[in-house]
Amino acid sequence: QVQLVESGGGLVQPGGSLRLSCAVSGVIFSFYTMAWYRQAPGKQRELVADITSGGGTNYADSMKGRFTLSRDNAKNTVYLQMNGLKPEGTAVYYCSLQDLARWGQGTQVTVSS
């Protein structure tokens, strides 16, 4: 059974940082591209970043330079380091294993003073 469990969300002030984690079980993690998406209230879910099995990364334009996506295949975990957070970054952040159409439950990130 494939499971994705996110953690690390919370309340942060504008300009602050958070690190999200996504622990994956039930698959050979190192084989798969992993992605983070986010969905703000009243908006469509959008891609934040993805990382291939080889470690290559791709970021949405608005996240470039501020967010860093990495993976630890020994721990079956993918990490999203978010710096310079802005109020428009308030959303539920979801981890995704798209090849298998699997999603985590989401973790809330709120950027507010």
Side-chain angles (χ1 to χ4, degrees):
Q1 181 179 357
V2 181
Q3 288 190 318
L4 285 70
V5 180
E6 300 104 331
S7 60
L11 173 64
V12 63
Q13 292 187 342
S17 299
L18 280 176
R19 188 195 195 203
L20 305 184
S21 299
C22 174
V24 181
S25 60
V27 293
I28 302 176
F29 174 76
S30 60
F31 282 8
Y32 294 99
T33 292
M34 298 296 302
W36 283 93
Y37 284 74
R38 69 184 185 186
Q39 188 165 18
K43 295 189 176 182
Q44 289 188 328
R45 193 170 295 190
E46 63 174 351
L47 176 70
V48 174
D50 57 45
I51 184 166
T52 67
S53 58
T57 53
N58 171 60
Y59 298 91
D61 286 345
S62 61
M63 282 54 138
K64 287 179 181 177
R66 297 186 298 119
F67 289 13
T68 302
L69 184 57
S70 61
R71 66 191 297 159
D72 186 338
N73 289 337
K75 295 183 178 180
N76 287 5
T77 301
V78 60
Y79 304 98
L80 181 66
Q81 177 67 44
M82 306 186 293
N83 299 328
L85 282 162
K86 303 176 182 180
E88 52 265 39
T90 295
V92 179
Y93 285 70
Y94 297 92
C95 180
S96 172
L97 201 170
Q98 291 185 281
D99 286 347
L100 300 180
R102 291 289 192 268
W103 296 83
Q105 80 286 356
T107 185
Q108 177 70 48
V109 172
T110 302
V111 186
S112 175
S113 55

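Keep in mind that the numbers below use all heavy atoms, side chains included, and drop hydrogens, waters and symmetry copies.
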[X] [atom1] to [Y] [atom2] distance, which is reported to the nearest 0.5 Å:
X     : Y     : atom1 : atom2 : result
Tyr79 : Asp72 : OH    : CG    : 5.0 Å
Asn73 : Met34 : CG    : CE    : 10.5 Å
Cys22 : Leu97 : SG    : CG    : 8.5 Å
Tyr94 : Glu6  : OH    : CD    : 8.5 Å
Cys95 : Trp36 : SG    : CH2   : 5.0 Å

Heavy-atom closest pair, residues [X] and [Y]:
X      : Y     : answer
Arg66  : Gly84 : NH1-O, 2.8 Å
Gly89  : Arg38 : CA-NH1, 3.6 Å
Val48  : Phe67 : CG1-CD2, 3.6 Å
Val12  : Leu85 : CG1-CD1, 3.6 Å
Gln105 : Leu4  : OE1-O, 3.5 Å
Arg71  : Phe29 : NH2-O, 2.9 Å

Item to check | Ser17 and Asn83: side chain donor to acceptor below 3.5 Å | outcome: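 On atom types as modelled, these side chains qualify, holding a pair under 3.5 Å.
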Checklist entry - Is it the case that Gln98 and Tyr37 place a side-chain donor and acceptor less than 3.5 Å from each other? => result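 Gln98 vs Tyr37: donor-acceptor pair found between side chains.
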Next on the checklist: Tell me whether Ser112 contacts the main-chain N or O of Thr110 through its side chain, where contact means a donor paired with an acceptor under 3.5 Å.
Outcome noted: no
Does one hydrophobic cluster hold both [X] and [Y], with members joined at side-chain heavy-atom distances below 4.5 Å?
X      : Y      : value
Leu100 : Leu47  : no
Tyr32  : Val2   : yes
Leu69  : Phe31  : yes
Ile28  : Ile51  : yes
Val92  : Val111 : no

So do [Y] and [X] actually touch side chain to side chain, heavy atoms under 4.5 Å?
X      : Y     : result
Ser53  : Thr33 : no
Val109 : Leu20 : yes
Thr57  : Asp50 : no
Tyr93  : Gln39 : no

Next on the checklist: Using the rule given for side-chain contact (heavy atoms from CB on, under 4.5 Å), can you reason through Glu46 versus Met63, listing the C-alpha separation, both sets of side-chain angles and the distance that settles it, and then say yes or no?
Outcome noted: CA-CA 12 Å; Glu46 63 174 351; Met63 282 54 138; 4.3 Å; yes
Checklist entry - Is there a side-chain contact (heavy atoms from CB on, under 4.5 Å) between Tyr59 and Thr68 once you walk through the steps? => result CA-CA 9 Å; Tyr59 298 91; Thr68 302; 4.0 Å; yes
Next on the checklist: Between Ser7 and Thr107, does the side-chain contact (heavy atoms from CB on, under 4.5 Å) criterion hold? Intermediate values first, please.
Outcome noted: CA-CA 6 Å; Ser7 60; Thr107 185; 5.9 Å; no
